[in-house]
Amino acid sequence: MNKNIDVLVIGGGPAGLAAAISAREHGVDNILILERESGLGGILKQCIHNGFGLHTFKEELTGPEYAARYIARVNSLNIPYRLDTTVLRIDTGKRVTAVNAQDGLFVINPKSIILACGCRERPRGAINIPGSRAVGIYSAGTAQKYVNMMGHMVGKRVVILGSGDIGLIMARRLTFEGAKVLAVVELMPYSSGLNRNIVQCLHDYDIPLYFSHTVTDIRGKERIEGVTVSRVDDKLCPIPNTEITMECDTLLLSVGLVPENELSKSADIRLSRLTGGAIVDENMMTNVSGIFACGNMLHVHDLVDFVSEESALAGVSASDYVLNEAVGSATEQYIDIQTAGGIRYTVPQRLSASVTAVSVTLKFRVDKIYRNARIEVTSGTEQLMLVKKRIMAPGEMEILKLDKAMLAKIERHKNLRVVIKD
Amino acid sequence: MTKEMICISCPLGCSLSVNYTSSDGVIKQSDITVAGNGCNRGVSYAKDEVTSPRRMITTTVPLQEGGTVPVKTSAAVPKDQIFSVLHKVRGITAARPVSIGQIIVGNVCEGVDIVATDNRE
């Protein structure tokens, strides 16, 4: 194995693939992708439904088809990768320790690292559902892997907690495989999933959707036998005497995705409490010089197309860092992006005080549904942008483009603020 | 008759109220009126959904050697044919190698095929 690596990409899913391709296209020779599964493609391999690639390819592809396009490009560019390889830790100085069955334990000291480790699902323990610890309770993604990759059916009578896209997609998938999906139960008064999925996964199959409800008890000695579902109030607390019992043998949990940042901790990478991922600048660089982050590890995305775009940018930045040493000096100053009102977070969270980019794409999420609200972007006392949006929802990542003129003003005032005006 | 539906043409997700008459199970597009739409796309969406709703189907087919290969219909099929199509796929096993676009089951409905959506070496 060539250990003289300029750009080490950790993760071979859509983020890692796009980042590696971009770094190679920008002139980096020594790239290596490390992937822990036995094939490239990441989570897309099990997302067999369509709806991917509308922005990137102007086509509606299934997950595996989208991944296949990037895998083909990685192969035609001869970018090396190692499968079944797990990165164990990253130490100060970008020292990466990894392991696989062929090479054993090994260490690489790359010039730069692109973190593209994806995210994991929130488990039952994290939301403390009371009741028995019976068999038959799965995260929606685990059930998806069992059904789609291994060909195993997870159960016959299913309740799904959480109406995000994964829960909705699995409601349809299990119906196709002969299960009875009794209900999708959603804590909030709205779904974070796409309307298209509500219609084509629930309405099409007459699967009831309970808003403002949650699972408050699980029954079953060895295998789950049933759940209790209760209505919740506006503080999300269960309301007594609203209990509904549902007899089921399977409970799927689709209750949130959490960026995977185990490796960031030992590497001294600063994480944002709001996203769960690293704090980055407009180059997708973390506080550690030469370590970049992209994809779901940075912040959970709704569309893979945005992951590909963001990760391609990380690839460009890593190549600039390695080839030109143009990115990231220890004395770099930053402008923290301020938010107020309903903006939950922005990515990036900060801009270099002297931005060399021609434009910066600012992504953000709102904290609830807004209709006919405006987004105001200001620098000091100058208003840079006022955008009217007919609808904004927490489940839909929003994008703002800061052009060269705006960036010049931001550099002058050393200030940037994004707020929602109702 | 009135049908309520959510339009999926854009993120607004307008709630549509669709009125129509059916004579002998036939609904004429010109007999359909739509309310609640924010734009014209809602009208054509509602008319299609009432007269001839179609869906793409995605599922998996087991491989002889173990594991699965994901598949899809090569085009959208009538919504009321979804389970008929799935029934035709049940019991089918595919053999490696499989490449994207390869026909796994031909003509499951109106000339639409079931094609592979991933490669399997």
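Residue numbering restarts at 1 for every chain, and letters A, B, ... go by the order of the sequence lines.
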*Heavy-atom distance under 4.5 Å between the side chains of A/V199 and B/M5, does that happen here?*
no
*Between B/V85 and A/F176, is any pair of side-chain heavy atoms under 4.5 Å apart?*
no
*Test side-chain contact (heavy atoms from CB on, under 4.5 Å) on B/D118 and A/K45 and set out the steps.*
CA-CA 8 Å; B/D118 204 358; A/K45 305 291 272 180; 3.2 Å; yes
_Minimum-distance pair of heavy atoms, taken over all atoms of B/P11 and A/I391_ =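 Looks like O-CG2, 3.9 Å.
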*Provide the closest heavy-atom pair for B/T58 versus A/N50 in the form atom of the first, atom of the second, distance.*
CG2-N, 4.1 Å
How many angstroms lie between [atom1] in [X] and [atom2] in [Y], if you round to the nearest 0.5 Å?
| X | Y | atom1 | atom2 | value |
| --- | --- | --- | --- | --- |
| A/N195 | B/I8 | CG | CD1 | 8.5 Å |
| A/L202 | B/I6 | CG | CD1 | 9.5 Å |
| A/E65 | B/I100 | CD | CD1 | 5.5 Å |
| B/L12 | A/R390 | CG | CZ | 4.5 Å |
| B/R55 | A/Q200 | CZ | CD | 4.5 Å |
| B/I57 | A/H49 | CD1 | NE2 | 15.5 Å |

Flag if over 12 foreign heavy atoms under 6.0 Å of [atom1], [X]:
| X | atom1 | answer |
| --- | --- | --- |
| B/E121 | CD | no |
| A/Q102 | CD | no |
| B/N40 | CG | no |
| B/K88 | NZ | yes |
| A/Y205 | OH | yes |
| A/K180 | NZ | no |
| B/H87 | NE2 | no |

*Identify which part of A/N197 has an atom lying under 4.5 Å from any heavy atom of chain B, answering side chain, backbone, both or neither.*
neither
*Contact part of A/E177 toward chain B, heavy-atom cut-off under 4.5 Å: side chain, backbone, both or neither?*
both
_B/I82 versus chain A, the contacting section by heavy-atom distance below 4.5 Å_ = side chain
_Checking the side chain of B/T60 only, and the main-chain atoms of A/N148 only, is there a donor and an acceptor separated by less than 3.5 Å?_
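Here the side-chain-to-backbone pair does not exist.
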_Closer than 4.0 angstrom, basic N to acidic O: yes or no for B/K72 and A/E60?_
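Between A/E60 and B/K72 there is no salt bridge, as every charged N stays at least 4.0 Å from the carboxylate O atoms.
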_Under a 3.5 Å threshold, yes or no: a donor from one side chain and an acceptor from the other, between A/R173 and B/T59?_
yes
*For side-chain contact (heavy atoms from CB on, under 4.5 Å), just list the numbers for A/Y66 and B/T117, CA-CA rounded to whole Å, side-chain angles, deciding distance to a tenth of an Å, and then say yes or no.*
CA-CA 9 Å; A/Y66 189 97; B/T117 57; over 6 Å; no
